Colleague: 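Before I ask anything, let me first share the structure, which is written out below as structure tokens.
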Amino acid sequence: MTVTLSPTPLALGGGPSTYWYLTRSTGAVALILLTASVALGVADVQRWSTPKWPRFVVDGLHRQVSLLAVVFVVLHVVTSVLDGYAPISITAAVIPFASSYRPFWLGLGAVSFDLMLALAITSMLRTRISHRAWRTTHWLAYACWPIALLHSFGTGSDARNAWLLWLSIACVGVLAAAVMARALPDFALHRRSSGAALGAVFGFAVFLAAWLPGGPLAKNWAKQAGTPTSLLGHASSLRTSAAGAGSGRPQP
Ligand code: HEM
């Protein structure tokens, strides 16, 4: 079943729709919350605490922030479907690579969303499933995060805007610090897995630095990313008619 809703009145008026702004803002908040959730999870498992931040506070925060991240991703998905500018269906939000709009990059969003749902569901069923099953699923959080970041660069209209770039750099920094805090204390005992985790963080940062300039930061990214031709033309006419920076649909 494919559900694609029609454009909003605001979109029909020729300008960008309110849903577009909501998609971008909820996406950015979801990325921040997802980053915070991973960092808090590491603090929790490493039994980090201070008199002001006892363990039960860190544990509770990790749960609440993770839940809020899921809520924001759901809002992000709903607003992107309601926007109607691009043919994005509810199906494409959960079935990876099923979209005709930037299939690979939107598909990464769907993979990340599915992983988040798996993490949330297994955490809710934690007392009913084995600890091993819960723990194994929880490792997926480390995969969910970089996939969401790649989706953000590949799909978002703000990839070339300083605010999203700086936000992403800050999130990469927080994630790198969290992985180091998780892997370094275990290094002597588990050299191979700790080394692999640290190598993965370093490799991901190097990959981003090499890929971004010729990818999402390049002028022809919209075409490269798989934006339907009809939308490429529409985007440039909106961009020239829109008043003020950021009010059109910049196509990175
Ligand atoms: C963990 C899951 C996800 C996270 C953290 C996330 C986060 C983001 C971020 C940060 C952006 C960039 C926004 C900007 O450029 O201002 C973005 C763009 C976008 N995302 Fe997601 N996303 C996720 C999953 C999904 C899914 C499942 C969909 C499917 C409907 C989706 C649809 C979109 C669309 C359409 C855009 C482009 C919005 C624009 O025109 O700028 N996202 N996402």
Side-chain angles (χ1 to χ4, degrees), residues 2-5 11 16-38 65-120 140-172 175 212 216-217 221-222 225-228 231-232 234-235 238-239 246-252:
T2 302
V3 185
T4 313
L5 301 169
S17 97
T18 309
Y19 290 123
W20 180 52
Y21 292 103
L22 287 172
T23 303
R24 291 157 66 206
S25 49
T26 50
V29 175
L31 187 65
I32 295 170
L33 290 169
L34 190 59
T35 309
S37 158
V38 178
V65 168
S66 309
L67 206 61
L68 207 57
V70 176
V71 170
F72 268 87
V73 175
V74 169
L75 289 174
H76 176 66
V77 165
V78 169
T79 52
S80 68
V81 172
L82 286 173
D83 184 14
Y85 165 78
I88 298 172
S89 63
I90 285 284
T91 325
V94 280
I95 300 178
F97 317 115
S99 169
S100 57
Y101 178 76
R102 302 195 181 189
F104 181 70
W105 305 103
L106 198 82
L108 291 184
V111 171
S112 196
F113 184 36
D114 290 345
L115 292 178
M116 272 179 102
L117 290 178
L119 284 162
L140 294 176
Y142 291 108
C144 178
W145 187 88
I147 294 174
L149 188 75
L150 292 178
H151 152 78
S152 155
F153 277 126
T155 325
S157 339
D158 293 298
R160 283 162 64 197
N161 282 347
W163 72 265
L164 191 68
L165 268 179
W166 282 113
L167 177 70
S168 306
I169 289 170
C171 288
V172 171
L175 233 286
L212 286 173
L217 303 186
W221 178 247
T227 308
L231 290 180
L232 288 173
H234 184 225
L238 269 179
R239 198 169 17 182
S247 57
R249 291 241 182 191
Q251 293 281 321

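Along the sequence shown, residues carry numbers from 1. This is a predicted model, so every value here is computed, not measured. One-based numbering, in listed order, for ligands and for the atoms of each.
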Colleague: Heavy-atom contacts under 4.0 Å between Leu164 and ligand 1: side chain, backbone, both, or neither?
Modeller: side chain

Colleague: Any non-hydrogen side-chain atom of Leu22 less than 4.5 Å from a side-chain atom of Leu75?
Modeller: no

Colleague: Where does Tyr101 meet ligand 1, judged by heavy-atom distances below 4.0 Å: at the side chain, the backbone, both, or neither?
Modeller: neither

Colleague: Does even one non-hydrogen atom of Trp145 get within less than 4.0 Å of ligand 1?
Modeller: no

Colleague: May I ask you to identify, for Tyr19, whether its side chain, its backbone, both or neither come under 4.0 Å of ligand 1 on a heavy-atom basis?
Modeller: neither

Colleague: Using heavy atoms and a threshold below 4.0 Å, how should the contact between Ala148 and ligand 1 be classified: side chain, backbone, both, or neither?
Modeller: side chain

Colleague: So is there a nitrogen or oxygen of Trp163 less than 3.5 Å from a nitrogen or oxygen in ligand 1?
Modeller: no

Colleague: What are the two closest non-hydrogen atoms of Tyr101 and Ser99, and how far apart are they?
Modeller: N-OG, 2.9 Å

Colleague: Tell me the contacting part of Val94 for ligand 1: side chain, backbone, both, or neither, using a 4.0 Å heavy-atom threshold, strictly below.
Modeller: neither

Colleague: Test of geometry: compute the angle NE2(His151)-atom 21 (Fe) of ligand 1-NE2(His76) and round it to 10°.
Modeller: 170°

Colleague: Are the side chains of Val38 and Leu175 in touch, meaning some heavy atoms are under 4.5 Å apart?
Modeller: yes

Colleague: Does the N or O separation between Thr23 and ligand 1 drop below 3.5 Å for any pair?
Modeller: no

Colleague: Mind listing the closest non-hydrogen atom pair of Tyr19 and Thr79 along with its distance?
Modeller: CB-O, 3.5 Å

Colleague: Among Trp221, Phe153, Phe97, find the residue that satisfies the ring-ring contact (aromatic ring centres under 6.0 Å, His included) test when tested with Trp105.
Modeller: Trp221

Colleague: So, the side chain of Thr155 versus the backbone of Ser152: is there a donor-acceptor pair under 3.5 Å, distance only?
Modeller: no

Colleague: Tell me whether Ser157 has any N or O atom under 3.5 angstrom from an N or O of ligand 1.
Modeller: yes

Colleague: With no hydrogens and no angle check, is any side-chain donor or acceptor of Ser168 less than 3.5 Å from a backbone partner on Leu164?
Modeller: yes

